[in-house]
Amino acid sequence: MQRRTFINRSSSAALALALAPTFFIQEDTEYSILELMGKEDIELYGKDINLRKEAHDAFVEMKKAAYKDGIDLKIVSSFRSYDRQEAIFERKYLKYTDDDGMNPTDAIDKIIEYSTIPGTSRHHWGTDIDVVDGYRKVDGDVLVPHKYEGEGPYVDFKKWMDENSETYGFFLVYTNEAKRRGFKYEPWHYSYAPLSIPMLEQFRSKNIASILIREDFYGAENFTMSFLKSYIQNNILDINRNLL
């Protein structure tokens, strides 16, 4: 398919200025700990989008703009409940320990290279997306960094997002910075900042470690307070500074 020209910077800048007044207004909404941990149902919008209303509307506008430039923004994952994250974590834990013979601590360290501990995923909030270019037909796992680099199939997608996503309030979460700790680089994971910033602020105010230490799923029995505090500092908080 013929790739269209990317929208020019002047039009992007004009749109950014138009959106700026609403972008920087953060809601005063109070979010319960159950909601922040994905244990409470929330109202989600859009077929195959499944985001909170404001994030949904912003994504739709971004998708329209990308479509004009030959990019089909396709969400691979958006809202994820606690139960869904628990299933992902347990499946990986059992594979690494039972099938691969890893000890529990090493298995958990392996899991949290890319996957969160249940109750701590940003996908619980209805603000975050894993997104690719739907026009590209890709074999195997699409969420691997090398497919967004060099001659990879998602290079055009990444270029477009680098130049335009922040205009619509979406920021890359786990950036490719050498000194950043925690989760590895994820060029597909974006967060709708006007909502996720205040949600993270409230999440940080909760004593999450004391809650997680009491959770009951495969692998959780190996958590210590020291590990959980380190995990929160490195994996939850060492992210794109624009999202803090």
Side-chain angles (χ1 to χ4, degrees), residues 33 36-38 76-78 80 82 85-86 88-93 95-97 100 102-125 127-131 141-150 152 154 158 161-162 165-166 169-193 195-213 215 217-244:
I33 186 59
L36 292 170
M37 292 183 69
V76 176
S77 181
S78 51
R80 196 179 301 148
Y82 178 95
Q85 191 64 36
E86 181 181 62
I88 293 170
F89 188 94
E90 289 190 323
R91 173 177 55 80
K92 291 186 175 183
Y93 180 80
K95 177 186 181 300
Y96 294 148
T97 54
D100 299 344
M102 296 176 67
N103 69 55
T105 301
D106 289 342
I108 292 169
D109 286 342
K110 178 70 173 175
I111 292 170
I112 63 174
E113 288 181 357
Y114 286 108
S115 296
T116 57
I117 291 172
T120 68
S121 175
R122 298 178 64 93
H123 285 286
H124 294 330
W125 302 347
T127 60
D128 284 45
I129 53 175
D130 294 338
V131 60
D141 190 354
V142 296
L143 304 183
V144 287
H146 71 82
K147 293 184 178 179
Y148 299 76
E149 303 166 349
Y154 296 134
K158 184 178 185 303
M161 293 295 282
D162 285 347
S165 69
E166 294 181 9
F170 285 91
F171 287 74
L172 193 68
V173 181
Y174 307 116
T175 54
N176 191 20
E177 298 174 14
K179 294 184 178 180
R180 192 180 60 77
R181 299 158 297 177
F183 296 119
K184 291 189 175 182
Y185 172 49
E186 294 188 354
W188 53 82
H189 186 160
Y190 287 81
S191 181
Y192 184 64
L195 292 181
S196 68
I197 288 175
M199 294 183 82
L200 178 60
E201 184 176 353
Q202 291 190 35
F203 188 80
R204 294 175 68 174
S205 71
K206 315 295 183 184
N207 192 351
I208 299 299
S210 67
I211 297 172
L212 294 176
I213 202 76
E215 293 295 286
F217 50 83
Y218 287 121
E221 68 275 10
N222 298 289
F223 294 165
T224 64
M225 287 301 293
S226 175
F227 163 77
L228 290 172
K229 288 178 180 179
S230 175
Y231 168 81
I232 291 168
Q233 187 63 40
N234 295 335
N235 294 65
I236 306 303
L237 300 180
D238 199 354
I239 58 175
N240 185 339
R241 312 318 287 175
N242 291 317
L243 290 170
L244 294 174

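As the structure is a prediction and not an experimental result, all values here were calculated from the model. Residue numbers run from 1 in the order of the sequence given.
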Q. Considering residues at least two apart in sequence or located in another chain, which fulfil the side chain to side chain donor-acceptor pair (under 3.5 Å) criterion with K158?
A. D162

Q: For Y218, look at atom OH and say whether over 12 heavy atoms of other residues, nucleotides or ligands are found less than 6.0 Å away.
A: no

Q.
In terms of relative ring orientation, are Y148 and W188 parallel, tilted or perpendicular, with 30° and 60° separating the classes?
A. tilted

Q) side chain to side chain donor-acceptor pair (under 3.5 Å) with D141: which residues, sequence neighbours excluded? A) none

Q: Decide if atom NZ of K206 counts as having more than 12 heavy atoms of other residues, nucleotides or ligands within a radius under 6.0 Å.
A: yes

Q.
Going by side chain to side chain donor-acceptor pair (under 3.5 Å), name the residues that satisfy it together with S78, two or more places apart in sequence or in a different chain.
A. none

Q: Show the numbers, then the answer: is there a side-chain contact (heavy atoms from CB on, under 4.5 Å) between D128 and M199?
A: CA-CA 12 Å; D128 284 45; M199 294 183 82; over 6 Å; no

Q: Determine the minimum heavy-atom distance between H123 and S77, stating which atoms define it.
A: CE1-O, 3.7 Å

Which side-chain N or O atoms in residues 112-119 pair as donor and acceptor under 3.5 Å with protein atoms at least two apart or in another chain?
{"from": "S115", "atom 1": "OG", "to": "K92", "atom 2": "NZ", "distance (Å)": "2.5"}
{"from": "T116", "atom 1": "OG1", "to": "Q85", "atom 2": "NE2", "distance (Å)": "3.0"}

Q: Determine which pairs satisfy salt bridge (charged side-chain N to carboxylate O under 4.0 Å, His left out) with at least one residue from residues 233-242, sequence neighbours left out, and list them in order.
A: R181-D238, D238-R241

(Q) Show the nearest heavy-atom pair for residues R180 and K184, with the distance to one decimal. (A) NH2-C, 3.5 Å

**Q.** Note, L36 side chain near H124 side chain (heavy atom, < 4.5 Å)
**A.** no

Q: Please report the shortest heavy-atom distance between L243 and S191, naming the atom on each side.
A: CD1-CB, 4.0 Å

Q. Between S196 and T127, does any side-chain donor sit less than 3.5 Å from a side-chain acceptor?
A. no

**Q.** side chain to side chain donor-acceptor pair (under 3.5 Å) against Y93, all qualifying residues, sequence neighbours excluded
**A.** N222

Q.
Could you check whether Y174 and Y185 have their ring centres less than 6.0 Å apart?
A. no

Q: Of all the heavy-atom pairs spanning T120 and Y231, show the shortest one and how long it is.
A: OG1-OH, 2.7 Å

